[in-house]
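First the structure, in the form of structure tokens, and then the observations on it.
Chain naming here is simple, since letters A, B, ... match the order of the sequence lines and numbering starts at 1 in each.
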Protein chains: 2
Amino acid sequence: MGMSYEFWMETFSHSAAGTPNAASNHAVGIRDVATRAGVSPATVSRVLTGGPASRETRERVEAAVRETGYRPNLSARRLRTRASRTIGLIVSDIRNPFFTSLSRAVEDAAYRADMRVVLCNTDENPTREAMYLRLMQEERITGLIIAPTRATADRLETMTFDFPVVLVDRAGPTGAHDSVVIDNSAAVDTLISHLLGRGHRRIGGLFGNTSSTAQERHRGYAAAMLAHGLAPEARMIEPSAEASERELARWLTEPDRPDAFVGSNGQIVLGMARAVRSAGLAIDDDVVLAGFDNEMWTEMIGRGLTVIEQPVEEIGRSAMDLLFRRLERPDVAPCKIVLAGRLIDRDETPAPRAA
Amino acid sequence: MGMSYEFWMETFSHSAAGTPNAASNHAVGIRDVATRAGVSPATVSRVLTGGPASRETRERVEAAVRETGYRPNLSARRLRTRASRTIGLIVSDIRNPFFTSLSRAVEDAAYRADMRVVLCNTDENPTREAMYLRLMQEERITGLIIAPTRATADRLETMTFDFPVVLVDRAGPTGAHDSVVIDNSAAVDTLISHLLGRGHRRIGGLFGNTSSTAQERHRGYAAAMLAHGLAPEARMIEPSAEASERELARWLTEPDRPDAFVGSNGQIVLGMARAVRSAGLAIDDDVVLAGFDNEMWTEMIGRGLTVIEQPVEEIGRSAMDLLFRRLERPDVAPCKIVLAGRLIDRDETPAPRAA
DNA sequence: TTGAAAGCGCTAACAC
DNA sequence: GTGTTAGCGCTTTCAA
């Protein structure tokens with residue numbers, strides 16, 4: 001604020017920090033700049049934060065900043081202003097492509113708002129999650145975006161924080177905090193209808209056992225099956241590719257098995273694809289798969305694998321919007337944004353977008 | 001430090017912050033805790049940081065912390081101790097799987113060392129990169145891990161910072177900072193040898209034009225080809241899947257084209273795979289591909305696509321090790337850790353790890 | 001428009 | 001083992 005990009009870019013090149021053999025810019029403070037510019041620290045502060053200052057003063061201060069290579073100390077500034085301009089992002093594992101994209105969207109929005117992002121992976125480990133929640137409080141963050149484990153999701157409802165919290169991906173009924181989710185029940189419905197349309201009647205399901213989202217997808221699956229007079233065949237697993245591969249490998253050897261399977265997230269679908277291959281079966285011809293997350297590898301498989309693409313970028317952006325909205329008006333009622341998933345139907349596209 | 005996990009976990013459940021209708025824990029400070037425990041702020045500080053204190057005092061303070069829901073203010077602590085316990089991580093795009101895994105490894109190491117990670121995406125945009133570099137200085141971070149764009153890599157050499165900097169993935173010759181890279185020239189060599197072994201003589205190459213790593217791979221490729229008496233056929237592109245797809249699509253229509261192609265990173269190889277498909281050609285039968293990054297989708301393609309897997313976790317861990325080493329002994333000479341890539345040869349594995 | 005003074009919340013030096 | 005005091009680097013009254 002106050003000073004332009006150009007100013008700072010220039011600062012970079014000319015400053016002491018940019019010159020190897022400059023007098024080691026030994027903790028240049030605002031007083032040093034003030035002395036050099038022949039003004040008071042308060043004036044330097046004003047110039048730096050875009051406060052009132054005469055043209056001449058402003059120039060002298062900017063010169064002094066450049067010459068000294070001064071960098072304001074954010075800890076001090078935060079302590080004083082009580083504004084950390086920091087967003088906390090807590091997810092289970094950034095390597096889950098859903099969270100990867102989410103973090104990118106969040107970081108982009110944060111950058112635009114001149115904020116930083118502290119990234120935290122919990123590995124679905126409640127202890128680690130609790131540590132990070134505590135950290136967020138100690139950082140006095142501006143706002144938190146979190147995809148909580150189920151246990152924590154419940155506890156979050158009973159906790160109050162000094163900053164707004166937005167739940168993403170995983171959120172139960174509207175509760176104490178704002179949230180952004182996709183319509184899981186509708187999405188599963190779409191998936192099941194698609195499989196039914198392709199003539200499948202035996203549709204098995206593999207669902208994660210740690211998140212409320214997997215739970216919702218499971219319920220949606222069961223409901224959809226029953227609505228069509230079919231028997232749900234669901235198994236709950238740890239939501240990892242490994243667990244999924246193991247479970248489906250076993251399932252595939254059972255007599256009278258389903259010929260189509262649904263997975264509750266990208267990792268699970270990946271494990272399923274591996275299991276099918278390992279069993280020497282062909283996706284599409286022998287087994288049909290469906291699930292969530294339009295990952296790159298699903299594109300490579302093509303036919304026989306149908307997924308629901310989640311509008312991840314929009315989820316991230318919406319989460320930041322909710323955060324900012326609540327910062328402005330802390331008292332509006334908690335709100336839940338429900339976005340739609342999109343069916344990626346590669347079965348309908350025989351030739352992959354040829355020229 | 002000082003207090004156990006258990007203590008803090010418990011704190012969580014009982015504290016004012018955890019109780020919805022508790023007296024709004026209006027900025028509980030260390031003085032409030034001190035008053036409540038009947039001791040001085042200094043004593044509370046000591047207890048919290050594991051300093052000397054009698055058993056009884058310690059218990060009283062812990063009780064007071066619990067009852068008040070006190071959370072130390074990290075900005076204040078940092079200002080005072082001049083230790084931010086924060087690691088900066090600057091990459092071009094966290095969605096690049098290499099950086100995704102890297103960030104995870106870095107965050108894990110940071111967590112173990114009781115530090116946090118500030119994540120920054122630059123999009124290969126020097127302005128954004130400069131802004132983030134400035135931020136790192138203002139945060140007074142403990143250390144920086146960065147995969148710089150080529151322009152910045154050069155400038156970094158001439159800049160000095162108040163914290164250690166470790167370059168990852170992209171690093172020229174040993175310079176002012178520590179670095180961790182893989183042996184690109186050896187890796188490309190392996191790739192070329194593999195293709196030669198499969199009988200290919202016309203091997204084209206698509207290389208990124210923004211990073212020193214792509215440059216090294218390009219040089220290695222040219223050298224390897226010449227060493228075998230073959231003509232290098234390289235094209236430089238923006239390192240994105242889109243640019244790569246466009247370029248290879250064009251190349252594939254040219255008469256007398258190569259029958260094998262090498263790409264300098266995962267995004268480029270992905271674009272190549274898409275181009276081959278779109279052209280109605282079959283990977284392996286019509287065109288053979290090779291490149292870097294063992295991503296999930298490459299496993300799905302299987303034969304005809306050979307990649308070099310980078311030890312990403314180890315790169316991340318090594319980078320953190322270098323950081324800590326330099327914090328302990330600031331004056332040791334800059335060091336460059338060179339790790340080996342691993343050839344993932346799916347052509348040799350007809351049946352994918354069947355039971 | 002500017003400067004002097006106070007203080008954000010914490011820890012470290014020193015005295016007891 | 002504990003309290004008192006000072007001050008980390010900044011911003012923000014308040015007066016001038």
Side-chain angles (χ1 to χ4, degrees), chain A residues 1-3 25-62 64-65 68-86 135 137-142 162, chain B residues 1-3 25-62 64-65 68-86 135 137-142 162:
Chain A
M1 16 161 167
M3 285 191 182
N25 64 330
H26 227 324
V28 180
I30 201 169
R31 334 172 45 105
D32 303 290
V33 178
T35 308
R36 177 147 200 147
V39 297
S40 76
T43 299
V44 175
S45 173
R46 272 185 223 108
V47 170
L48 259 46
T49 55
S54 75
R55 231 182 85 78
E56 206 219 310
T57 307
R58 168 157 276 120
E59 277 163 9
R60 287 234 305 286
V61 169
E62 290 179 356
V65 166
T68 55
Y70 169 71
R71 294 286 177 276
N73 181 321
L74 284 189
S75 293
R77 181 178 279 175
R78 284 179 185 141
L79 177 57
R80 186 56 238 231
T81 63
R82 300 145 155 282
S84 68
R85 306 199 71 82
T86 299
L135 174 66
Q137 305 184 203
E138 300 186 349
E139 292 274 7
R140 305 292 194 265
I141 59 169
T142 305
D162 296 331
Chain B
M1 12 160 171
M3 285 192 182
N25 64 331
H26 225 324
V28 180
I30 201 169
R31 333 173 45 105
D32 303 290
V33 179
T35 307
R36 177 147 199 148
V39 297
S40 76
T43 299
V44 175
S45 174
R46 273 186 223 107
V47 169
L48 258 46
T49 55
S54 76
R55 231 181 84 77
E56 205 218 313
T57 306
R58 169 157 275 121
E59 278 164 9
R60 287 233 305 287
V61 169
E62 291 180 357
V65 166
T68 55
Y70 169 71
R71 294 286 178 275
N73 181 321
L74 285 189
S75 294
R77 181 178 281 175
R78 284 179 185 142
L79 178 58
R80 186 59 237 235
T81 63
R82 301 147 157 284
S84 68
R85 306 200 72 82
T86 298
L135 174 66
Q137 305 184 192
E138 300 186 351
E139 292 274 7
R140 304 293 193 264
I141 59 169
T142 305
D162 296 331

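Closest to the side chain of A:A42, from the set D:dC10, D:dT12, C:dC10, is D:dT12. Comparing C:dT11, C:dG9, D:dC10 by their nearest atom to the side chain of B:L79 picks out C:dG9.
Atom CZ in B:R60 sits roughly 9 Å away from atom P in D:dG3 (whole-Å rounding). Across the protein-nucleic acid pair, B:R78 atom CZ and D:dC8 atom C1' stand 14 Å apart, rounded to whole Å. Between the CG atom of B:N73 and the C1' atom of C:dC10 there is a distance of 8 Å, given to the nearest Å. When the C1' atom of C:dT11 is taken as reference, atom OH of B:Y70 falls 10 Å away, rounded to whole Å. Atom-to-atom, CZ of B:R80 to C1' of D:dA6 comes out at 8 Å; the value is rounded to the nearest Å. Residue A:Q137 contributes atom CD, which lies 17 Å from atom C1' of C:dG9 at whole-angstrom precision. D:dT2 atom P lies 13 Å from atom CZ of B:R55, rounded to whole Å. In this entry the distance linking CD of B:E139 with C1' of D:dC10 reads 15 Å, nearest Å.
Counting non-hydrogen atoms under 4.0 angstrom, A:A53 reaches the backbone sugars and phosphates but no base. In this structure, B:T57 reaches the sugar-phosphate backbone alone: every heavy-atom distance under 4.0 Å involves primed, P, OP1 or OP2 atoms, never a base. Backbone-only engagement by A:R82 is indicated by non-hydrogen atom pairs under 4.0 Å involving sugar-phosphate atoms exclusively.
Distances shorter than 4.0 Å separate some side-chain N or O of B:T43 from OP1 or OP2 on D:dG3. At least one side-chain nitrogen or oxygen of B:S54 sits closer than 4.0 Å to the OP1 or OP2 atom of D:dT2.
DNA chain D is contacted by both B:R140 and B:P41; B:P41 maps to the nucleotide lying nearer its 5′ end (nearest heavy atom per residue). Comparing B:A76 and B:P52 by the nucleotide of DNA chain D that holds the closest heavy atom to each, the one mapping nearer the 5' end is B:P52.
The CD atom of A:E139 lies 4.0 Å from the CZ atom of B:R78; values are rounded to the nearest 0.5 Å. Taken from OG1 in B:T49 to CZ in B:R77, the straight-line distance is 7.0 Å, to the nearest 0.5 Å. Of the inter-residue distances, the one linking A:I30 atom CD1 with A:R71 atom CZ reads 13.5 Å to the nearest 0.5 angstrom.
The terminal axes of the helix from C:dT1-D:dA16 to C:dC16-D:dG1, fitted over 5 pairs per end, subtend an angle of 30° to the nearest 10°.
The minimum heavy-atom distance between A:P41 and A:A34, with the atom names listed, is N-CB, 3.5 Å. For the residue pair B:I141 and B:S84, the shortest heavy atom distance occurs at CA-OG, 3.3 Å.
Residue-to-nucleotide contacts include a donor-acceptor pair under 3.5 Å from the side chain of B:R46 to the base of D:dG3.
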side-chain contact (heavy atoms from CB on, under 4.5 Å) between A:L48 and A:V33, intermediate numbers included: CA-CA 11 Å; A:L48 259 46; A:V33 178; over 6 Å; no
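Listed by chain and residue number, B:E67 satisfy the salt bridge (charged side-chain N to carboxylate O under 4.0 Å, His left out) test with B:R36 (two or more places apart in sequence, or in another chain).
Annotation: salt bridge (Lys or Arg N to Asp or Glu O under 4.0 Å) contacts involving residues 39-49 of chain B, sequence neighbours excluded, are absent.
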